[in-house]
Number of protein chains: 2
Amino acid sequence: MRPTLRDVARAAGVSVSTTSRVFREPDRFRPATRERVLAAAAELGYRPNRAAQALITGRTGSVAVLVPNLTNPIFPELVRAAQHRLHAHGSFTLVADTDEDPAQEASLIAMLAPDVDAVITCSSLLDDDQIPDLAAQVRLVFVGRDPGPSHPSVLADDPAGMREVVALLTGLGHRRITYLAGRAASWAARRRLQAFTEAAAGAGVPVDVVDPNHPSFEGGRAAAEGLLRSGTLPTAVVAFNDLIALGLTARLAEAGVAVPGEVSVVGYDDVEFARMASPGLTTLAYPRTALGERAADLVGTAPADDPRRVFPLTLVERGSTGPARAG
Amino acid sequence: MRPTLRDVARAAGVSVSTTSRVFREPDRFRPATRERVLAAAAELGYRPNRAAQALITGRTGSVAVLVPNLTNPIFPELVRAAQHRLHAHGSFTLVADTDEDPAQEASLIAMLAPDVDAVITCSSLLDDDQIPDLAAQVRLVFVGRDPGPSHPSVLADDPAGMREVVALLTGLGHRRITYLAGRAASWAARRRLQAFTEAAAGAGVPVDVVDPNHPSFEGGRAAAEGLLRSGTLPTAVVAFNDLIALGLTARLAEAGVAVPGEVSVVGYDDVEFARMASPGLTTLAYPRTALGERAADLVGTAPADDPRRVFPLTLVERGSTGPARAG
DNA sequence: ATGAAAGCGCTAACAG
DNA sequence: CTGTTAGCGCTTTCAT
């Protein structure tokens with residue numbers, strides 16, 4: 001039988017309440033008592049029963065992390081970082097996949113609310129107006145979305161990152177850029193598009209926005225298909241994410257279009273594959289580790305301090321970008 | 001305030017115990033009572049308090065899934081499948097990463113044991129002799145490892161899969177095959193190697209085993225490097241996993257060695273990248289969904305029935321395999 | 001500085 | 001079929 005607080009108390013010759021408090025406020029006790037209790041606990045291999053603690057304190061010691069799609073290689077890494085940090089804070093991590101469905105996201109949050117201390121939701125697809133209701137049920141921390149100053153959130157610095165991308169491309173002589181967007185329903189995709197558009201406008205570079213049906217490798221291939229068929233190949237393409245960029249590159253290669261010779265390609269995320277592909281993909285590295293860790297830290301934070309943080313993206317230059325071909 | 005069983009009981013005009021039992025053994029009640037209770041619960045939006053349930057029943061309604069490395073694309077998919085199934089069974093899923101460290105795996109299991117109903121451990125690196133002790137603390141389900149008939153486990157059918165690979169290759173005229181192994185410390189890697197060796201022996205094909213330092217893209221590159229330097233390029237290579245195979249192919253391509261023209265390459269897993277690479281990688285698709293789901297099912301199963309299951313691998317033929325070059 | 005006692009929300013004998 | 005009662009292991013007033 002697993003030892004309980006009572007067993008420890010008995011072994012240490014003190015009451016249960018003393019034993020309980022020794023763990024919570026050790027300084028309040030005379031060293032002799034404290035040592036005796038701690039020794040007894042160690043001796044017996046005592047571990048508090050979380051269910052009993054949760055029942056009385058209302059805190060469960062678990063935090064849920066919601067991702068739209070665990071299969072997107074960015075998220076496992078983010079989850080991993082959050083989890084390490086949460087573990088350091090003494091919390092367990094529940095991971096759940098929302099299947100990129102706002103309804104499922106909302107219902108998961110509502111369902112988990114009573115049983116977790118907080119929910120970290122990544123690239124949330126929630127409608128703005130569902131947020132207050134859900135946030136009332138459980139502490140919500142947003143990753144990759146800014147739902148306003150009253151909710152804790154961590155973001156990547158898309159505006160700065162996109163300015164770097166545009167600067168790189170204009171420096172290489174590109175005078176017009178095609179942007180392959182993500183889904184319009186996604187806050188993150190809209191933000192990224194806007195950041196890019198503004199950066200380009202700031203540099204005086206005209207932009208063509210193309211909508212791949214799906215932000216995936218296949219979507220990128222399809223987009224390449226469209227570009228190829230249109231007859232007028234851009235000299236530079238910036239994609240919403242690496243998967244799209246990689247799909248585009250693959251299809252271009254099949255069609256005999258040289259990258260970066262004829263078309264330069266830039267991605268976003270820096271997934272492992274971006275390094276492995278040839279040519280390597282130039283991309284904005286998404287600070288997943290920092291975001292995951294910081295999100296975990298925000299869980300325990302007082303809502304008072306400004307709960308929003310922005311992390312820089314890192315431009316990683318590889319072989320997929322080069323001088324613009326003669327127009 | 002969240003409604004409790006008492007609130008529901010009061011609203012329905014029955015006792016708490018009746019209320020509690022209506023949820024557990026509905027048939028035992030006269031329809032009138034049952035309906036009244038259920039209606040009251042629905043009306044109030046009652047949800048049982050898991051901590052209280054856990055405190056008394058000893059069952060927490062959570063299951064942990066341990067993976068050696070969430071970053072390996074096979075595992076998120078497996079976790080996802082397990083999680084869906086677990087959710088259908090009414091359980092929450094805790095995911096943890098062992099960092100491919102047996103010590104961490106063991107300590108995680110011990111740490112989680114009191115707070116979960118079961119631990120599903122994938123590609124376990126545990127020593128055989130640590131298993132009994134841990135299995136005594138919590139129900140353990142193994143994925144990708146067979147720790148003997150007394151523990152529930154799910155496996156892929158490596159022997160059959162490897163026979164298919166060998167048959168494909170010999171059919172293409174290959175008369176000698178190089179195998180790039182995984183880590184010797186891993187049960188899964190040893191099993192896969194043995195399955196391959198036996199399949200080759202069965203076909204009368206000699207095998208050269210090469211040990212990449214790491215079962216990764218880089219490891220595959222390094223292996224290619226070695227092969228290149230040795231001066232005698234094999235006509236066919238089978239790798240422990242897709243990442244190795246892809247790294248090998250990439251390095252070979254850089255060196256101007258045609259795949260499959262000069263060397264045929266076969267992987268294992270069928271990660272998304274295997275499809276995206278060019279040429280596409282011929283590989284054995286790992287039945288992650290089936291394994292994840294079945295592992296989840298095994299959690300609630302009586303230990304009596306034979307608790308081991310084997311699932312077929314599917315040979316996916318893509319562009320990386322072709323006729324052997326003239327010897 | 002320490003102990004006694006109440007009770008968190010629920011389940012499970014035990015009665016009836 | 002349904003109600004009464006006694007806790008599960010822990011934290012937290014309230015005393016002392």
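All values reported here derive from a predicted model rather than from experimental measurement.
DNA chain D is contacted by both B/Arg28 and A/Thr4; B/Arg28 maps to the nucleotide lying nearer its 5′ end (nearest heavy atom per residue).
Direction change of the helix axis from one end of the helix from C/dA1-D/dT16 to C/dG16-D/dC1 to the other is 30°, with five pairs defining each end axis (rounded to 10°).
Contacts with DNA chain C (heavy atom under 4.0 Å) in residues 29-40 of chain A: A/Phe29, A/Arg30, A/Thr33, listed by number.
Annotation for A/Tyr46 and A/Pro3: closest pair CD1-O, 3.5 Å, computed over non-hydrogen atoms. Closest heavy-atom contact between B/Phe23 and B/Leu5: CE1-CD1, 4.2 Å.
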B/Val63 and B/Val116: CA distance, side-chain angles, deciding distance, side-chain contact (heavy atoms from CB on, under 4.5 Å) verdict: CA-CA 5 Å; B/Val63 172; B/Val116 298; 5.7 Å; no

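Put simply, CZ on A/Arg30 and CZ on A/Arg36 are 8.5 Å apart, with the number rounded to the nearest 0.5 Å.
In this structure the side chain of A/Ser186 never reaches within 4.5 angstrom of the side chain of A/Ser123, judged on heavy atoms.
You'll find the ring centres of B/Phe92 and A/Phe92 outside the 6.0 Å limit.
Following rounding to the nearest Å, B/Glu25 (CD) and D/dT2 (C1') show an atom-to-atom distance of 12 Å. For the pair B/Arg6 CZ and D/dT5 C1', the computed distance is 13 Å after rounding to whole Å. Rounded to whole Å, the distance from CG on A/Asn49 to C1' on C/dG9 is 14 Å. Whole-Å rounding puts the A/Leu55 CG to D/dC10 P distance at 12 Å. Regarding A/Arg47, its CZ atom lies at a distance of 15 Å from the C1' atom of D/dC10, rounded to whole Å.
Under a 3.5 Å cut-off, the side chain of A/Arg309 and the backbone N or O of A/Leu291 do not form any donor-acceptor pair. Side-chain atoms of A/Arg288 do not come within 3.5 Å of backbone N or O of A/Ile74 as any donor-acceptor pair.
With sequence neighbours excluded, no residue forms a side-chain hydrogen bond (donor to acceptor under 3.5 Å, both in side chains) with A/Glu272. The side-chain hydrogen bond (donor to acceptor under 3.5 Å, both in side chains) test applied to B/Ser15 returns B/Ser17, B/Thr18, not counting sequence neighbours. B/Arg80 is linked by a side-chain hydrogen bond (donor to acceptor under 3.5 Å, both in side chains) to A/Asp97, A/Asp99, counting only residues two or more places apart in sequence or in another chain.
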Atom pairs under 3.5 Å, N or O on each side, protein against nucleotides 11-13 of chain D: can you list them with distances?
unit_1	atom_1	unit_2	atom_2	d
D/dT11	OP1	A/Arg24	NH2	2.5
D/dT11	OP1	A/Gln53	OE1	3.1
D/dT11	OP2	A/Ser20	OG	2.8
D/dT11	OP2	A/Arg24	NH2	3.2

